[in-house]
Each structure stands twice: as structure tokens, then as C-alpha cells.
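Proteins get letters first, then strands, A, B, ... in listed order; numbering begins at 1 in each. Computed from a predicted model, the values in this text were never measured in an experiment.
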2 protein chains.
Amino acid sequence: MNKKIPLVTVPRISLYYRALLESRHKDYISSEEIAYLTGFNSAQVRKDLAYFGQFGTPGKGYKVESLKKALLSILGTDRIWNVALVGVGNLGSALLSYKGFEEQGFKIVAAFDKDMRKIGKVIRQVKIQDIKDLEDTIHKKNIKIVILAIPAKHVQAIVDRLIKGGIKAILNFAPIRPKIPSDIHILNIDLSIELERLAYFLNKLR
Amino acid sequence: MNKKIPLVTVPRISLYYRALLESRHKDYISSEEIAYLTGFNSAQVRKDLAYFGQFGTPGKGYKVESLKKALLSILGTDRIWNVALVGVGNLGSALLSYKGFEEQGFKIVAAFDKDMRKIGKVIRQVKIQDIKDLEDTIHKKNIKIVILAIPAKHVQAIVDRLIKGGIKAILNFAPIRPKIPSDIHILNIDLSIELERLAYFLNKLR
DNA sequence: AACTGTGAAATTATTCACAGCT
DNA sequence: AGCTGTGAATAATTTCACAGTT
């Protein structure tokens, strides 16, 4: 009971949820089937789910509809999260236009840049604001998550401002890992590092 | 000697390499310093490096310049890798324009789409080709790594074609995990899952 | 004295295997 | 009979701690 949940369980829950979306037609689904659809092991599926409660019926499996609701509620995606984007360059613009976010309940409600030529422009109904309005808008729009798509050299300063402004969750695309207090959650998506992992693998082949 | 290298070591090596780039001014650097710069533990730094050889000098540390070269060679980024991009939508275009790749030795030399309105256009000196030329171009241009930025529903079919075409390393941005043989390396960057991890964390806060 | 390289210990995560429920 | 939930076993990874080198 009440064990500590491994960090890696959470992204798997997201994948299980997606597998359930594909299984709309059936009433019950077994851990074996979820495992097949997601590429994990059925014991892992059962254990991951069991961290959060008893969702299954022995002999039958998991009721698709109710498990789906349960997972949504675990992930916190049973509601809309307001998100801000900081940095409307190439990558930032692409993220602003990315439809996948809204589908999963993440709504980019504000975008910031410091380039005067961009400020005032509207992309996907979001008006690009001056970065100086950052803290103010975070409060007014009840923003809880920030996506950072700015050059590495500005990351630490912006992160410091975000934290002062009350933000606790950051998705950072810059190739740098800012120093943060332990109560802040940051996920770094570092595209070059991913390519380097692939290069390492290819390099090893001969 | 010759131990199995943990999978998670490789992305850390990338980060150590970056820390060395910041330390150009000094002759030697200790595992403690690398650890501080990257946010890991000094024992981990030493252990990670030791998987690949004996790079350090007891009492002094690691010689910055030679360790840098060694890490480049381990990662396989001491040479240029030709990369293809499949899918030139919002995200694909942004990746095509992303300068960070070239800096790390990854060169996008071809881009593919199936949309006739995009084919023939040139972005950053790369001409967008018809997806039907995929296999052909992969061979002609000696492409080893493919970045996938296409809708989920097309991923499996394209991945199958890539594998037949000899590709062994794929960076996939679509929110789906295609089935692949065990000798193929795929890394999935799933933006919604990352946001869901953040939402989970925020959700837990109260 | 300062620091590496590395076995051993500790921690974390995965998989096995089965008692018990439907 | 079929499948969950979960302790126990195994595997992977991190951290400790120190002998040995410069």
C-alpha cells in the first residue's frame, strides 16, 4: 500500500491510456493486451496500475471505459491546463501550431518573445506578447506550465523569473540544464543529445 | 573491464562533453567539477568515463582537450552524419531550420513530404522531395539517420520502408511507437507525454 | 594532498510466479 | 479457467568508500 511510485511509471501510464483509446470497441482489456499494444511486459502493466489502486477484475481484466477515466484523473489530464510558450522562433512557432497539445488538454494561452518584430503578431489565435509581461500574464491567465524554446544563454534568467512568478513545471527545449530548486519540475528535451545517442549506436556497429 | 555500458550513460556523456566546451580555459578538470556543471554525482562521472577507458590522471583530473576528443569519438560525432527529414509540416520545418543540429555534426541533407504543394520548395538549402524518392535518396546521399515528423497514422508504413532501405537509427516525433526489429534503434520524442508528466506532478501537489 | 578507477553496498526498477478472486 | 494484485527474486543503476597513482 502507498508505495513510492517509480518516476518512469508516469510516462508509461500515458502510453497505456493511448492504448485504451485504440480499444474503444471492447468492454474489458487484459494486462496482456495492454502490454502487447505498448510493448511492455504484462507484469509491469499490472504493477504500474496497481500503484494507483485496484482497477481490475480477476478473470476479466480492466474495464476499458472506467480505466480510461481513472488514468486521465491520475495524469491530471481530466481538465484543461493553461500553458505559456516562451520563445517564438522556429521551434516555438511549430509548437504553437502543434495540434497534439490541445487534444491532450494542454492549451497554449500565451506566447512571449523579446523580438519587437514578433510582438503583436498572432499565431493560432495567440497574440505574441512582450517578454516583460511574463509574470503578469502568468497570474492573470492562471498558467501552470511553461514551454521554453529560447536560446541556451537566456534560459537561466528566464527560469529564475518563472520560478519567482510561481511556475512549478517547465518543458525546456534549450540544450542547457538550468539550476533549479528541488520543488520545481523541469523536463529537458534536447534534440542534439537524442541524435548523439543514435550516432553512438551507429558508431558502435562497426 | 569491458563491462556492459548502461543505456543511460550515453546521454550523460553528451552532457559531459558540453561541460568541457564551457571549460576551454583550463587545462585539467576534476570529476567533481564536471559533476557540478552537469548536476550529476562525481562517482557517476568517473564511472561513466571509466566504461570507455582510462582518461584521468590521479591527483590532477582529466585533461580537458584530450577528454573532449575522446568523448567526441565515443559519441561518433567526430564526423558529419547525414540525416534525412521525413515530414515537412510545422515541426518538420522547424527542425530543418534548427541550427543546433549542424553545430553537433548532424546535417540534414534531404527532406521528404507527400504534399505536392511542398515538394520542390527549398528550405535552408534543402529541396523538399517527393516521398517516393525516399529509398533512392537514402542510398545516393549516404543517409544513416532519419528524423520522422509525420502524422501518427503514417509512421508504421514509413518506418517499414526506412528499415527495408537500410536505415538503422530513427528519431520519431509522432505519438506512436512503431513495431521494429531489435537491431533498429528508435528514440521517441513524444511532446504530449512530456506535458502529461508535468501535469501528473502538478496534479499531485494538492 | 588531490584525485582517479573500481569493487562493494545501496537503491531503484523489472520480471517471476502464484495465491486468491470472479 | 482466466486474470488480477503482489510479495519475492532478479536485474540494472547509482552511490559509497577507499586502495592506489601522480
**Asked** Any chance NZ of A/K26 has more than 12 other-residue heavy atoms, nucleotides or ligands included, within less than 6.0 Å?
**Response**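 More than 12 heavy atoms, drawn from other residues, nucleotides or ligands, come within 6.0 Å of this atom.
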**Item:** Approximate separation, where rounding is to 0.5 Å, of A/L21 CG and A/Y16 OH
**Value:**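 The CG atom of A/L21 sits 15.0 Å away from the OH atom of A/Y16.
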**Message:** Distance check needed: D/dT14 P versus A/L7 CG, whole Å only.
**Reply:**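 Going from CG in A/L7 over to P in D/dT14 covers 12 Å.
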**Prompt:** Okay, side chain of A/N90, backbone of B/S93: is any donor-acceptor separation there less than 3.5 Å?
**Reply:**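 The answer is no, because no donor-acceptor pair under 3.5 Å joins these two groups.
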**Request:** Please report, rounded to the nearest Å, how far the C1' atom of C/dC16 is from the NZ atom of A/K47.
**Result:**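 One finds 10 Å between C1' of C/dC16 and NZ of A/K47, rounded.
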**Prompt:** side chain to side chain contact (heavy atoms under 4.5 Å, CB included) with A/K63: which residues, sequence neighbours excluded?
**Reply:**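 Here the qualifying residues are A/D27, A/Y28, A/S66.
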**Prompt:** In this structure, are over 12 heavy atoms from other groups packed under 6.0 Å from B/L205 atom CG?
**Reply:**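 Yes, CG of B/L205 has more than 12 neighbouring heavy atoms, counting only those of other groups under 6.0 Å.
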**Prompt:** Which residues within residues 26-41 of chain B lie with some heavy atom under 4.0 Å of an atom in DNA chain C?
**Reply:**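 Here the set is B/S30, B/S31.
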**Residue whose nearest DNA chain C nucleotide is more 5′ - B/F55 or A/P6** =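 On the 5' side of the pair lies B/F55.
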**Request:** Could you tell me the separation between the CD1 atom of A/I34 and the CG atom of A/L67, rounded to the nearest 0.5 Å?
**Result:**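 So the CD1 of A/I34 and the CG of A/L67 are separated by 5.5 Å.
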**Message:** Looking at C/dG5, I'd like to know if its phosphate oxygens (OP1 or OP2) sit under 4.0 Å from a side-chain N or O belonging to B/Y62.
**Reply:**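 For C/dG5, OP1 or OP2 has a side-chain N or O of B/Y62 closer than 4.0 Å.
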**Request:** Whole angstrom is fine here: how far is it from CG in A/L49 over to C1' in D/dT4?
**Result:**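 Those two atoms, CG and C1', are 10 Å apart.
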**Message:** If the cut-off is 4.0 Å, is A/R12 near the phosphate of C/dT14, judged by side-chain N/O to OP1 or OP2?
**Reply:**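 Answer yes for this pair, as a side-chain N or O of A/R12 is under 4.0 Å from OP1 or OP2.
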**Item:** Euclidean distance, atom CG of residue B/L67 to atom C1' of C/dG5 [Å, nearest integer]
**Value:**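 Checked: the CG to C1' distance equals 14 Å.
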**Message:** Tell me whether B/Y36 at atom OH has more than 12 heavy atoms from other residues, nucleotides or ligands lying less than 6.0 Å away.
**Reply:**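 Check fails, neighbour count at 12 or below.
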**Item:** Protein-nucleotide distance (B/D48, atom CG; D/dT15, atom C1'), rounded to Å
**Value:**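 Atom CG in B/D48 sits about 12 Å away from atom C1' in D/dT15.
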**Prompt:** Expressed in angstrom and rounded to an integer, what is the separation of A/I5 atom CD1 from C/dT11 atom P?
**Reply:**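 Answer to the nearest Å: 20 Å.
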**Request:** Measure the CD1-CD distance between A/I74 and B/E196 for me, rounded to the nearest 0.5 Å.
**Result:**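 Taking CD1 in A/I74 and CD in B/E196, the distance rounds to 12.0 Å.
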**Item:** B/Q44 side chain near D/dC16 phosphate (N/O to OP1/OP2, under 4.0 Å)
**Value:**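 So the side chain of B/Q44 is outside the cut-off, no N or O lying under 4.0 Å from OP1 or OP2 of D/dC16.
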Find every protein N or O atom lying less than 3.5 Å from an N or O atom of nucleotides 18-22 of chain C, and list the pairs.
{"unit_1": "C/dT22", "atom_1": "O4'", "unit_2": "A/P58", "atom_2": "O", "d": "3.3"}

**Prompt:** Is the number of heavy atoms from other residues, nucleotides or ligands under 6.0 Å of B/K68 NZ greater than 12?
**Reply:**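 More than 12 within 6.0 Å, yes.
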